[in-house]
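Structure, as structure tokens:
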4 protein chains.
Amino acid sequence: MAYRSTERTEQHRLARSEALVAAGHEIVAEQGFGAATIARVADRAGVSAGTVYTYFPDKTALSAAIFDRAAGIELDTVRAAVGYGTEARLATPAQQRLDALVRVFGARALRGRTLASALLFEAADVGVERERLVFRRGYTETVAEILSDGVREGSLVADRLDLLAPAIVGALGEAFIRPLMPGPASEPEAVLDTLAAACQRLAGFATFEPPGAGMNLG
Amino acid sequence: MAYRSTERTEQHRLARSEALVAAGHEIVAEQGFGAATIARVADRAGVSAGTVYTYFPDKTALSAAIFDRAAGIELDTVRAAVGYGTEARLATPAQQRLDALVRVFGARALRGRTLASALLFEAADVGVERERLVFRRGYTETVAEILSDGVREGSLVADRLDLLAPAIVGALGEAFIRPLMPGPASEPEAVLDTLAAACQRLAGFATFEPPGAGMNLG
Amino acid sequence: MAYRSTERTEQHRLARSEALVAAGHEIVAEQGFGAATIARVADRAGVSAGTVYTYFPDKTALSAAIFDRAAGIELDTVRAAVGYGTEARLATPAQQRLDALVRVFGARALRGRTLASALLFEAADVGVERERLVFRRGYTETVAEILSDGVREGSLVADRLDLLAPAIVGALGEAFIRPLMPGPASEPEAVLDTLAAACQRLAGFATFEPPGAGMNLG
Amino acid sequence: MAYRSTERTEQHRLARSEALVAAGHEIVAEQGFGAATIARVADRAGVSAGTVYTYFPDKTALSAAIFDRAAGIELDTVRAAVGYGTEARLATPAQQRLDALVRVFGARALRGRTLASALLFEAADVGVERERLVFRRGYTETVAEILSDGVREGSLVADRLDLLAPAIVGALGEAFIRPLMPGPASEPEAVLDTLAAACQRLAGFATFEPPGAGMNLG
DNA sequence: GATGAATGAGCCTTCATTCAT
DNA sequence: AATGAATGAAGGCTCATTCAT
């Protein structure tokens, strides 16, 4: 009766909720989590501040949702690029997949530094910190899969993947995202090349000639 | 007389300023930059909030000064451990010095996570971000010196030290300070060993047997 | 047909309205008027917040209706216990009826403190305050009837029943409902006995031996 | 140096704090605790809202202070009227002192109903509720002292003073403060007379001829 | 120079009420 | 008649900054 809801309505709810998260995503990408106040997010979504509370119980939940969306997109892109979790991935040598991972991650990070920094480093809500853990674990698992594939295929000798994988994730985050040294900015290409090679060494692969993009680089 | 007076005054100014920065350092080490409000710093220094503005034009400047002090101490300790900038450093192989750097840095970071996290990651004032750049450059230069010493002594083949050095710094920061994966926490010793080895590889050194503490570890 | 429809509609209206008030009653009994927000009441009644405004012009009116219902039930129970307004009441001595009133009131209040407190004391809407007046008048009239019956039967000498009756009501409310003095809590039985006796004196009856429950205690 | 504080300053602090509490007192007396918001109190004290937090840690503390002041004045007045805690009190018969208590309490309550109601009944902050307990205990102790003096002097036979005393306090509060029955308002004098007599009976004193004011009635 | 009280903008959150559907 | 999303005015609280003394 009236409203014929649960279809149109539910869709609307999702759209609104999505709009709020999208607005938050934009703000975080531009200015970091510190700028993502309830009022600002609501305003950018074209909605009043009170309305936010129809969709999220509190700021922590909104922040977490924003983080989830932003980080999820990043992680999915990287995973797609290396065939994470697929059978098909084994058709490509592990070393080449690590190379792809570094390049996809790096290219995106260099393009959107504020966002990358917010996702990886910015101190924020408890909600964000909780999600961050999940997100980092996701990256670490992705790297770990590649490394253990490498071990299995014989191209890599390594123990303590539990320490090596996060170290690689860390090196990536740090090297790509942190504002690099002032002075003549290196061209992105050179940065990518060097760090891809460094990660190969870090992982323990033998020297590697980058193959040109053989996979989807997102 | 006038001069004298000015001198005394100047000394007093310095002492006060120093007391404020020291108080801030303590607070940041205990609770991060988020807790270092003007009122709290002034209070811990035994001074009124208004007085802070006699010594620093605004909060940004105070935060920057606090950062400088805290980060400076860390950097100096690491540099002392590897003989940065001294003639004497050349008596020790580069690879061994890199090992020392990793271990000193890591040991301090693991001991004082809040401070380390604040210095490396915590979102903060513009002032802090600016200083952070300087600080990271300091580390990078320290690593770079070791690497180029290695090249000179023939133990290392590497170009693009400008990219390699920050990658090493980044890997260190990330791997030591971020909350590691949930699950069984590795013992600090194992962490240090593994990361030291990984950094050797990252740098491009051949495999290395850690030598027992041959240098001052601060 | 038209009439029928109207009747059905009217019945429906009443049912809805009643459901809202009942929901409010529950909430007030559990958590007081402060918890009886429009949204909460509507939700518990299985109705949307907007719908409330179809039945009540504003929150004040809803609160008043809730109060009316809750207080009405209490008052009716007490009145039934003392035969208020019936011919039959005169078969029981006034003093014994006052005893019954005190015990019924007290027992219910001790059992449901939150509700009792909400009805008697909780600061609330203008609407509630207005109804509270009616409610208290109801109690006062009940006591007054007993007292004047007592005068008529010769067991009591009193003028100014208009002042005596509310004083008795007040003593009841206060003594039973307010958190009693800290320290060893008296057992409910003792409290009931003592206050029943005190009310006898307050009313002006001679000493009275409580008779065992001679009336319906609801 | 500068400010020569701790004398002038401390005095000023006290004055301001006092001004805030006084402003709160006024508001509560006029409109109850519900109206005593931080902003409103600050405004009436001629101060900004933020300033309140210089003097009170949070709203609970401010409310408690307001309550303390208002209730303290009332209690002190009543106690002075009955010689509470003094040796001199024993010169006056207990029954007469109870009479004085009722009249002083009642007269003040009838003069300032909103305040009395706020102090005795209004649901409010945790801070207020906590203080209210103390305040009620104060009244109860005052009544209890009179009653036990009466027992000692032989004019009264009573056990369970622990229940009788609060019942008297309750009766007073209720009968004087609650809006009495609508209709022709009784003259205050008659109300006082009747309730004073009722309280004598409630306490268990024999009939008593009111003596004309023999004590300070505040 | 030092003080520290005062300020006021800004943050998160709640809730009675309205209105297009 | 019913819906329930949206509103916007409060409310409590924090903190960098100013200024009379």
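Protein chains get the first letters and strands the later ones, always in sequence-line order, with residue 1 at the start of each.
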Could you pull out all residues at least two apart from A/Thr114 that satisfy side chain to side chain donor-acceptor pair (under 3.5 Å)?
->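 So A/Thr114 forms no side chain to side chain donor-acceptor pair (under 3.5 Å) with any residue.
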Please name all residues satisfying side chain to side chain donor-acceptor pair (under 3.5 Å) with D/Thr54, sequence neighbours left out, ordered by chain then number.
->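 So D/Thr54 forms no side chain to side chain donor-acceptor pair (under 3.5 Å) with any residue.
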Identify, residue by residue, the members of residues 22-29 of chain D with a heavy atom below 4.0 Å from DNA chain E, and return them in order of residue number, or none.
->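 Heavy-atom cutoff 4.0 Å gives no residues at all.
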Hey, does the side chain of C/Arg16 come within less than 4.0 Å of F/dA2's phosphate (OP1/OP2), counting only N and O?
->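 Yes, C/Arg16 has a side-chain N/O under 4.0 Å of OP1/OP2 on F/dA2.
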Reading nucleotides 9-15 of chain E 5' to 3', which nucleotides get B (base under 4.0 Å from a protein heavy atom), which S (sugar-phosphate only), which -?
-> --SSBBS
All side chain to side chain contact (heavy atoms under 4.5 Å, CB included) counterparts of C/Ala19, not counting sequence neighbours |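 Partners of C/Ala19 by the side chain to side chain contact (heavy atoms under 4.5 Å, CB included) criterion come out as none, since no residue qualifies.
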Can you list the residues that meet the side chain to side chain contact (heavy atoms under 4.5 Å, CB included) rule with B/Ser48, with sequence neighbours excluded?
->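 Listed in chain order: B/Thr51.
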Only counting residues at least two apart or in another chain, list the ones meeting salt bridge (Lys or Arg N to Asp or Glu O under 4.0 Å) with B/Glu131.
->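 Testing B/Glu131 for salt bridge (Lys or Arg N to Asp or Glu O under 4.0 Å), a comparison that skips the adjacent residues, returns none.
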Is the shortest heavy-atom distance from the side chain of D/Ser17 to the side chain of D/Phe56 under 4.5 Å?
->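 Yes, at least one pair of side-chain atoms sits under 4.5 Å.
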Under the side chain to side chain contact (heavy atoms under 4.5 Å, CB included) rule, what do D/His25 and D/Leu115 come out as? Steps first, then yes or no, please.
-> CA-CA 9 Å; D/His25 189 170; D/Leu115 177 59; 3.8 Å; yes
How many whole angstroms separate atom [atom1] of [X] from atom [atom2] of [N]?
{"X": "C/Leu20", "N": "F/dA2", "atom1": "CG", "atom2": "C1'", "result": "12 Å"}
{"X": "B/Phe56", "N": "E/dG1", "atom1": "CZ", "atom2": "C1'", "result": "16 Å"}
{"X": "B/Leu14", "N": "E/dG1", "atom1": "CG", "atom2": "P", "result": "13 Å"}
{"X": "C/Asp43", "N": "F/dT3", "atom1": "CG", "atom2": "C1'", "result": "14 Å"}

Tell me which nucleotide among F/dA5, E/dT7, F/dT3 gets nearest to the side chain of D/Ser48.
->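 The listed nucleotide nearest to D/Ser48's side chain is E/dT7.
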Which pairs count as salt bridge (charged side-chain N to carboxylate O under 4.0 Å, His left out) when at least one residue sits in residues 45-65 of chain A, sequence neighbours excluded?
->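 Applying salt bridge (charged side-chain N to carboxylate O under 4.0 Å, His left out) to every pair that reaches into residues 45-65 of chain A, excluding sequence neighbours, yields nothing.
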Which residue pairs pass the salt bridge (charged side-chain N to carboxylate O under 4.0 Å, His left out) test with at least one member in residues 61-70 of chain D, sequence neighbours excluded?
->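 Matches after skipping sequence neighbours: D/Glu18-D/Arg69.
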Paired stems touching DNA chain F, three or more consecutive Watson-Crick or G-U pairs with both distances under 3.5 Å?
->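 Stem list for DNA chain F: E:2-21 with F:2-21.
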Tell me what A/Tyr55 touches on the nucleic acid: a base, only sugar-phosphate, or nothing, going by heavy atoms under 4.0 Å.
->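 If one applies the 4.0 Å heavy-atom cut-off, A/Tyr55 turns out to touch the sugar-phosphate alone, with no base involved.
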Using the test ring-ring contact (aromatic ring centres under 6.0 Å, His included), find all partners of D/Phe135 that sit at least two apart in sequence or belong to another chain.
->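 Residues passing ring-ring contact (aromatic ring centres under 6.0 Å, His included) with D/Phe135: D/Phe67, D/Tyr139.
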Taking only distance into account, with no hydrogens and no angle test, what donor-acceptor pairs under 3.5 Å do side-chain atoms of residues 33-44 of chain A form with protein atoms, sequence neighbours excluded?
| from | atom 1 | to | atom 2 | distance (Å) |
| --- | --- | --- | --- | --- |
| A/Thr37 | OG1 | A/Arg40 | N | 3.2 |
| A/Arg40 | NE | A/Ala35 | O | 3.0 |
| A/Arg40 | NH2 | A/Ala35 | O | 3.4 |
| A/Arg44 | NH1 | A/Glu26 | OE1 | 2.7 |
| A/Arg44 | NH1 | A/Glu30 | OE2 | 3.3 |
| A/Arg44 | NH2 | A/Glu30 | OE1 | 2.9 |

